[in-house]
Amino acid sequence: MDIKLELVAVPVTDVDRAKAFYERVGFHADHDVTVSEEIRFVQLTPPGSACSIALGKGLTRMAPGSLDNMQVVVEDIEEAHADLRARGIEVTEIMDMPWGSFVYFSDPDGNGWAVQQTKPRGS
């Protein structure tokens, strides 16, 4: 039996601000549907990913900014670091660990993201 992760809710305070931020990061906006005054569903997908994130109103009981250490994987951490900075995203410097190289950033609500190159630089 296959089990595929398809969608992760990201709790935010301002849906439009969060949507604009994730589009600036490079995520593609797949859907933006207002179902009712209580429910709005925005789905965004990172380039090349089979899993998307959902922002919105009435989607989760998590507190805005409470999601920590969501992780995306890239082939080249130096390229990802430069690209994110060029897009105006505040990212950490590259950190090298025995299991990979990382940069970190947070969305406007403080939801934390890790960007990982699985093969450490210089390996």
Side-chain angles (χ1 to χ4, degrees):
M1 173 177 70
D2 289 342
I3 299 176
K4 299 176 183 179
L5 183 62
E6 296 282 339
L7 188 70
V8 176
V10 177
V12 299
T13 54
D14 182 322
V15 178
D16 291 319
R17 177 183 72 172
K19 180 183 177 189
F21 174 82
Y22 284 104
E23 287 177 319
R24 200 167 82 234
V25 169
F27 288 29
H28 177 264
D30 304 311
H31 303 285
D32 187 342
V33 179
T34 300
V35 177
S36 67
E37 286 190 26
E38 295 81 30
I39 300 173
R40 179 177 173 195
F41 175 79
V42 177
Q43 179 176 325
L44 299 113
T45 305
S49 180
C51 185
S52 301
I53 63 170
L55 314 171
K57 180 178 176 186
L59 300 183
T60 181
R61 293 186 308 251
M62 289 186 291
S66 63
L67 198 59
D68 187 34
N69 207 28
M70 288 294 297
Q71 188 165 308
V72 292
V73 177
V74 297
E75 288 287 323
D76 185 331
I77 197 67
E78 291 172 356
E79 179 183 355
H81 184 262
D83 181 66
L84 288 167
R85 289 186 62 158
R87 294 170 177 271
I89 305 302
E90 286 187 34
V91 294
T92 64
E93 292 303 317
I94 298 171
M95 298 176 190
D96 295 307
M97 309 288 185
W99 55 89
S101 298
F102 296 82
V103 297
Y104 300 89
F105 69 91
S106 295
D107 73 12
D109 285 293
N111 294 299
W113 288 83
V115 181
Q116 179 190 22
Q117 174 182 305
T118 55
K119 183 177 178 184
R121 294 186 299 170
S123 299

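Reckoned from all heavy atoms, side chains included, excluding hydrogens, waters and symmetry mates. Numbers here simply count residues along the sequence, with the first being 1.
In terms of the salt bridge (Lys or Arg N to Asp or Glu O under 4.0 Å) criterion, Arg24 has no residue partners (sequence neighbours excluded). Not counting sequence neighbours, the partners of Glu38 by the side chain to side chain donor-acceptor pair (under 3.5 Å) test are Ser36. Annotation: salt bridge (Lys or Arg N to Asp or Glu O under 4.0 Å) contacts of Asp107 (sequence neighbours excluded): none. With sequence neighbours left out, the side chain to side chain donor-acceptor pair (under 3.5 Å) criterion links Gln117 to no other residue. Qualifying salt bridge (Lys or Arg N to Asp or Glu O under 4.0 Å) partners for Glu6, counting only residues two or more places apart in sequence or in other chains: none. Residues forming a salt bridge (Lys or Arg N to Asp or Glu O under 4.0 Å) with Asp76 (at least two apart in sequence, or on another chain): none.
Neither Val73 nor Val115 shares a network with the other; the hydrophobic side chains, linked directly or stepwise wherever heavy atoms of I, L, V, M, F, W or Y lie under 4.5 Å apart, form separate groups for each. Tracing side-chain contacts under 4.5 Å through hydrophobic residues (I, L, V, M, F, W, Y), one reaches Val72 starting from Val8; they form part of the same cluster. Val10 and Leu59 fall into different hydrophobic clusters, defined by Ile, Leu, Val, Met, Phe, Trp and Tyr side-chain heavy atoms under 4.5 Å apart, directly or through other members. At a threshold of 4.5 Å between side-chain heavy atoms, the hydrophobic network of Ile, Leu, Val, Met, Phe, Trp and Tyr places Leu7 and Leu55 in two separate groups.
Annotation: ring pair (Phe, Tyr, Trp, His ring centres under 6.0 Å) contacts involving residues 9-32, sequence neighbours excluded, comprise Tyr22-Phe27, Tyr22-Trp113, Phe27-Trp113. The stretch residues 81-106 participates, sequence neighbours left out, in these salt bridge (charged side-chain N to carboxylate O under 4.0 Å, His left out) pairs: Asp83-Arg87, Arg85-Glu93, Asp96-Arg121.
Considering every non-hydrogen atom in both Thr92 and Val103, the closest pair reads OG1-CA, 3.5 Å. Nearest heavy-atom pair, Gly100 versus Pro120, reported as atom, atom and distance to 0.1 Å: N-CG, 3.6 Å.
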Review item, side-chain donor-acceptor pairs of residues 39-54, under 3.5 Å, at least two apart:
from: Arg40; atom 1: NE; to: Asp32; atom 2: OD1; distance (Å): 2.9
from: Arg40; atom 1: NH1; to: Asp16; atom 2: OD1; distance (Å): 3.0
from: Arg40; atom 1: NH2; to: Asp16; atom 2: OD1; distance (Å): 2.9
from: Arg40; atom 1: NH2; to: Asp32; atom 2: OD1; distance (Å): 3.3
from: Arg40; atom 1: NH2; to: Asp32; atom 2: OD2; distance (Å): 2.8
from: Gln43; atom 1: NE2; to: Ser52; atom 2: OG; distance (Å): 3.3
from: Thr45; atom 1: OG1; to: Asp30; atom 2: OD2; distance (Å): 2.3
from: Thr45; atom 1: OG1; to: Ser52; atom 2: OG; distance (Å): 2.5
from: Ser49; atom 1: OG; to: Cys51; atom 2: N; distance (Å): 3.0
from: Ser49; atom 1: OG; to: Cys51; atom 2: O; distance (Å): 2.8

Ignoring hydrogens and angles, write down the donor-acceptor pairs under 3.5 Å from the side chains of residues 60-70, residues two or more places apart or on other chains.
from: Thr60; atom 1: OG1; to: Met62; atom 2: N; distance (Å): 3.1
from: Ser66; atom 1: OG; to: Ala63; atom 2: O; distance (Å): 2.6

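Applying the 6.0 Å contact sphere to CD of Glu23 captures more than 12 heavy atoms from other residues, nucleotides or ligands.
Lys19 has its side chain out of reach of Val12: every pair of non-hydrogen atoms, C-beta onward, lies at least 4.5 Å apart.
With a 4.5 Å cut-off between side-chain heavy atoms of Ile, Leu, Val, Met, Phe, Trp and Tyr, the cluster of Ile3 takes in Met1. Met97 forms part of a hydrophobic cluster together with Met95, Trp99, Phe102, Tyr104, judged by ILVMFWY side-chain heavy-atom separations under 4.5 Å.
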